[in-house]
Novice: 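Input: one structure, supplied below.
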Amino acid sequence: PLVIICFSLVYLLTGGCESELAENSEIKPSARDFLARASGWRQEGNGSDALGSGHPAPETNSSGKEWTAARRLPQALIIGVKKGGTRALLEFLRLHPDIRALGSEPHFFDRHYARGLDWYRSMMPKALDGQIVMEKTPRYFVTVDTPARVHAMSQDVKLIVVVRDPDFLGLQRIVTDKHFYFNKTKGFPCLKKPEGSSKPHCLGKTKGRTHVSIDPEVIQKLRDFYKPHNQRFYQLAGQNFGWH
């Protein structure tokens, strides 16, 4: 009995540690690789070879129904633009229960592509069937090799540039004003989980900076310059955003 108790404690503790580490965006890739192999979870997604051996451990909800969580390649990427609100968008989307997103920027398609899709998948959080796995790296938008590399991974991946409403992910409208509060010190809304399940979270000190005053003539020159480019973008996007 003592051996069984000790084994159970070790199993629970290591399982808990894995869960904490997997959610920590600052964990080193080598540690993630180790966890993926040690846990025996089968890595599934988009036709690439699986990392782990064995079958994924089932999870059970309150009704007793079993489901399977696994690391999958992302189905959506926030690709830009830099300093266009991508971090805020990611944090807002992560409030939704159908979104599982990596907190840090993995820079896979621009800096770490040689590591391969198995490494990329190992960086992703575990997700249940029906949840959307995503990550954000704004530099993808300006990296020449990225489009072909993303297309090679998946032709169905959704690309998000901060110019439009993301709800096109097909998410149910769940995020409401109860998920936010206005921080007077920072001067912009901060996040909170509903029902007080976690501490409030504000974006970093580099966010929400005050905009400088710009000469109206300069603004008009910028509008005139970008007008034909905006028109072309409307045609590509199939939507007129009404920028003047």
Side-chain angles (χ1 to χ4, degrees), residues 18-27 32 35-36 41 43-46 48 56 58-62 65 67-82 84-109 117 120-141 146 150 153-181 188-204 207:
E18 177 191 344
S19 176
E20 276 299 313
L21 290 171
E23 294 301 322
N24 186 347
S25 60
E26 299 300 326
I27 186 171
R32 287 184 181 273
L35 289 174
W41 283 67
Q43 310 299 314
E44 300 177 324
N46 297 356
S48 298
E59 296 186 5
T60 306
N61 62 13
S62 58
K65 180 180 178 181
W67 50 34
T68 301
R71 300 191 201 281
R72 301 195 304 268
L73 292 171
Q75 299 133 284
L77 303 173
I78 298 178
I79 62 173
V81 293
K82 294 180 70 174
T86 56
R87 170 56 57 182
L89 175 62
L90 181 72
E91 295 298 333
F92 297 160
L93 285 172
R94 291 176 81 187
L95 292 174
H96 199 286
D98 289 341
I99 292 290
R100 296 288 289 143
L102 185 63
S104 59
E105 297 177 4
H107 286 277
F108 172 67
F109 294 105
L117 288 176
Y120 186 42
R121 191 200 287 90
S122 75
M123 298 288 287
M124 297 299 121
K126 291 176 182 175
L128 302 171
D129 291 340
Q131 289 182 314
I132 296 175
V133 178
M134 64 188 303
E135 62 109 328
K136 81 115 178 163
T137 305
R139 196 168 180 270
Y140 292 163
F141 189 70
T146 292
V150 172
M153 178 190 74
S154 171
Q155 299 180 27
D156 299 319
V157 67
K158 293 184 177 181
L159 305 177
I160 304 171
V161 182
V162 184
V163 295
R164 63 177 296 181
D165 187 338
D167 289 37
F168 86 115
L169 289 175
L171 298 174
Q172 188 178 10
R173 290 186 179 273
I174 291 178
V175 178
T176 65
D177 56 356
K178 70 181 180 182
H179 294 89
F180 305 91
Y181 75 95
F188 57 79
C190 294
L191 312 176
K192 62 179 180 180
K193 292 286 183 71
E195 290 81 42
S197 59
S198 66
K199 294 182 179 179
H201 171 62
C202 284
L203 300 180
K207 312 300 180 183

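Heavy atoms only: backbone and side chains are in, while hydrogens, waters and symmetry mates are out.
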Novice: Taking only residues two or more places apart in sequence or in another chain, which ones pass side chain to side chain contact (heavy atoms under 4.5 Å, CB included) with Tyr120?
Specialist: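 Expected list: Leu73, Pro74, Leu77, Pro106, Phe108, Phe109, Leu117, Met124, Glu135, Tyr140, Met153.
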
Novice: Show your working on side chain to side chain contact (heavy atoms under 4.5 Å, CB included) between Val81 and Val162 and close with a plain yes or no.
Specialist: CA-CA 6 Å; Val81 293; Val162 184; 5.8 Å; no

Novice: List for me each residue that meets side-chain hydrogen bond (donor to acceptor under 3.5 Å, both in side chains) alongside Thr146, sequence neighbours excluded, and say none if there are none.
Specialist: none

Novice: Which residue, Ile78, Val157, Leu102, forms the side chain to side chain contact (heavy atoms under 4.5 Å, CB included) with Met134?
Specialist: Ile78

Novice: Is there side-chain contact between Ile132 and Leu171, with heavy atoms separated by less than 4.5 Å?
Specialist: yes

Novice: Measure from the side-chain N and O atoms of Gln75 to the backbone N and O of Lys158, and report whether any donor-acceptor pair falls under 3.5 Å.
Specialist: no

Novice: Enter the distance from Phe141:CZ to Leu159:CG here, rounded to the nearest 0.5 Å.
Specialist: 10.5 Å

Novice: Within the side chain of His96, is there an N or O that forms a donor-acceptor pair under 3.5 Å with the backbone of Gln172?
Specialist: yes

Novice: To the nearest 0.5 angstrom, please state how far the OG1 atom of Thr86 sits from the NZ atom of Lys136.
Specialist: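 Output value for this atom pair is 3.0 Å.
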
Novice: May I ask you to decide if Arg139's main-chain N or O and Thr137's side chain share a donor-acceptor pair within less than 3.5 Å?
Specialist: no

Novice: Considering non-hydrogen atoms only, spot the tightest contact between Pro138 and Glu105 and give its length.
Specialist: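 Heavy atoms only, the tightest pair is CD-OE2, 3.5 Å.
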
Novice: Distance from Asp98 atom CG to Leu93 atom CG, nearest 0.5 Å?
Specialist: 11.5 Å

Novice: Tell me every residue that passes side chain to side chain contact (heavy atoms under 4.5 Å, CB included) with Glu91, counting only those two or more places apart in sequence or in another chain.
Specialist: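 If we apply the side chain to side chain contact (heavy atoms under 4.5 Å, CB included) test to Glu91, skipping adjacent residues, the hits are Arg87, Arg94, Leu191, His201, Leu203.
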
Novice: Assess the residue pair Asp129 and Arg72 against the criterion (side chain to side chain contact (heavy atoms under 4.5 Å, CB included)); give the C-alpha distance rounded to whole Å, side-chain angles, the decisive distance to 0.1 Å, and a yes or no.
Specialist: CA-CA 10 Å; Asp129 291 340; Arg72 301 195 304 268; 4.2 Å; yes

